[in-house]
Amino acid sequence: MVCYMLKMKNNCIVLLVCLLMTACGEKHPVTLSNLRCELITDPIGIDCVTPRLSWEINSDHRGLYQTAYRILVASSLGQLNADQGDLWDSGQIQSGNSIFVPYSGKELKSRAECYWKVQIDTNHGKSGWSQPAKWMMGVMDLGEWQAKWIGLDKSFAWDDPQAKCTRLSARYFRKEFEISQQPVKAVLHISGLGLYKLRINGEMIGDQELSPTPTEYARVVKYNTFDVTKNFQKGHNAVAVVLGNGRFFHMRHRNVEIEYPKMILQLELEYADGHHQTIMSDHTWKVTADGPIRANNEYDGEEYDARKEMPGWDKSGFDDRHWLGAEYTRAPGGKLEAQNNQNIKVMDVVRPVAITEKKPGTYVLDMGQNMVGWLRMKVRGNKGDRIQLRFAENLDENGNVCLDNLRGGLATDQYTLKGEATETWEPSFTSHGFQYVEITGYPGTPSIHDFEGRVVYDEMETTGYFETSNKTINQIYSNAYWSIRGNYRGMPTDCPQRTERMGWLGDRTVGAHGESFVFNNNNLYAKWLDDIRIAQREDGSLPDIAPNYWNKYTDNMTWPGTFVTVTNMLYEQFGDLEQVVKNYDAMKKWLGYMRTNYMVDGIMPRDRYGDWCMPPELPTLNDPKDSTRITEAAVIGTTFYYQMLDLLEKFAGLIDKPDDVKLFAEQKIQVKESFNKKFLNTQNGQYSNNSVTANLLPLCFGMVPKELENLVFGNIVNRTMNDFNGHLSTGVIGCQWLMRGFSDYGRPDIAYQVVTAKDYPGWGYMVEKGATTIWEHWNGDAMERWIDSKNHVMLLGDLIVWFYEYLAGIQNTPGNCGFKQITMKPSIIDGLDEVKASYHSVHGLIKSAWMKTGQSFQWEITVPCNTTATVYIPATCKENITENGQTIPNRHIKFVGMDGDYTVCEIGSGIYSFLSVR
Ligand code: BGC
């Protein structure tokens, strides 16, 4: 018996399934390694007409690939088990494709439960059926929403929404009703703006936090769906919702009108006798704002008074006579859509490392790690005792918390005790970016054991592992890991602590690619592309921020360009062509808009941010003064424009638009010519003022005449080594290509020197200064304190890409997608002796772990089923290589040829252990 592991995807939903091989035709049965069955995203509430199904095949068989598949989708488990695909039987499809197979069965109705399984043929025989998996549809027709938006369009005596928008209390809604029998199915759809918590009969539903996902509410509002069949019983029942302010209420800062929190909820109950009942939000609901959450705000914190708790309010039988009646409110305006990106959850826990009493009654708690989330606290004291927690990333010279860099955000939680035994509390509607917490008002002496850091971000699996023999690199990777996850919040944010927390596009241009190795971020970034696309103006202009909370359209090439690069990332890394199809017209329209309005003689002068956050010559400066390191706007604008044309040309090819391919190819020629004419000094190979970024961008985008490439690269090397003493001199833009640029032109050693430098500027400098996340500025420790966020990802540039694709050597073969064909080519660098990495791709786990000792090179590789890999083994000839003690080539390892110091072979799936002499 062979076991296979299948990972199935429907649109944004991923399920893992176990497939039992029964008749693989092997003489000797093969056993399965690493068998797992995993649900990556809760597949409930899908509202796309054609969900896409994917699966992952896992076997320790070498060279195994799929030749055909058959999918069955049934409306009940019984039917599926009887092999009856009443919704869809794909029949035998001769295909090697195992990702994003579109559902092509009967039309799917709202709340339809779809049970499915798959069977495949491989070159090693047929599999058995997989274990069943399931998804459920959401609301397929907007007309089915009978529920109304309800809320309270006012504030109360204890609120002060005019002040800082912090003093608005949470709103508590409840509805009781009776049912005559136990339902056979109960499905609930809810959206609560800004944020909601849902309870039924006294129990919390789901473990999502800060939901639903943030959107531009006037355009799109996301709802969540829950299967709550088990939560109801015959007799009296109660549904209860708490609404927090979230981004929705806060937006009044920018928009003139205040919009108070509001909700919509629809519960569909189905009974055994076939009849249906719908419970929905309407004027019969009761509401109060006089509960324990006295104030809540994302930036300022939460105030909770436990004396105001209302025991039993979320169960039936509670006396709500004094509560108000819910009011019908204006709908937020946006189309109600199912939320397909993951919800935020508590994903990790941090235990504090120290607590210090700074003055009597004032303590500073140190988490030992800059983190995003909040504190859970245990306390015992008297009724009315009030504890205040102030969250900060920095300490001042005296070791007190310093909130200067929060730009006005209060980041303060307050808890007032009810005075009963031990009380445990954590907030509901706020989050903080912090390492330190100032605690005042705590009754008695707090200890580190009274607190726990709750790490919150979008529920996505960590798909990457990366470790080397270099400690600085390992700490940089850890810092990146914490910053990346700390900035996932239903959108990729710039920072998690100050009064900003926005989806700035330019922070993710290439970073999103690196992040996709570390986290399964496909759904999040697909949702973000929707945010960007719906924010596109009629004329084609794209915003710098999405969701569009700040209405910021500055018409530059670098920030909006992320719309194009992230589309490309989702296609290349995950094989998600749908994103290209969906966004193509909008991308083309934007480029056309920029061309028509701003292009002058083939030059695109539009740039807004320059090489943002480049390192000033002295760490104490806020901005660089040295003009030789500042890159001209038109250089950045035009090179980016060229890169966009290049990607659009590729997309047009992918979705079969030959006229557009031609159009973009022609435009590229024109832009390249104009650019080189204007900025390239053909004598010395210098672009513009010879800044590293000015030379790097045209080189990496393929704009430099072939014969001058080495000269241009030489200038990058000269400036880096001579003017900057082996350090980076680039900002957000240059860093997007720096590591790869050095490596691709034969100097990975310089990239290594730049990344491991421990003095200013560089990622290693941050490590030396004790950073546990990535800073916004290279000199975040020495510049004016109010400026720097200690948790930004934009300076990572292509560093994480370089870690995985170059140091570990795990790369999608160019021209390919989803790691169906893999190129494995580790960079060999003096001083770096070991790299251990893995990446769980859409096709399965890819591993590369190598170690070099003297001239010998040992390399453990895993290639997933249904993929192939071209491996570059550091060895001057094939005779210097053995695999598991066997000479190569052999039946599993095909010799392809030599490439410099590498011997190139082709292999199929499996685990390999190479030993070579370099
Ligand atoms: C943000 C950045 C952003 C930039 C653009 C900053 O305030 O934190 O991440 O990209 O503004 O100007």
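Atoms within each ligand, like the ligands themselves, are counted from 1 in listed order.
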Legend entry - Worked verdict on D585 versus K589 for salt bridge (Lys or Arg N to Asp or Glu O under 4.0 Å): CA-CA 6 Å; D585 289 345; K589 188 172 179 183; over 6 Å; no
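Taking T509 as the reference, T562, T565, F640, Q736 meet the side-chain contact (heavy atoms from CB on, under 4.5 Å) condition, with sequence neighbours excluded. With sequence neighbours left out, the ring pair (Phe, Tyr, Trp, His ring centres under 6.0 Å) criterion links Y642 to no other residue. Scored by the side-chain hydrogen bond (donor to acceptor under 3.5 Å, both in side chains) test, S431 finds no partners at all (sequence neighbours excluded).
Between the side chains of T493 and N487, at least one donor N or O lies within less than 3.5 Å of an accepting N or O.
Relative orientation of the W612 and Y609 rings is perpendicular, given thresholds of 30° and 60° on the angle between their planes.
If you look at ligand 1, the protein residues with a non-hydrogen atom under 4.0 Å away are D494, R498, E500, W504, D507, W559, Y609, W612, E776, H792, M794.
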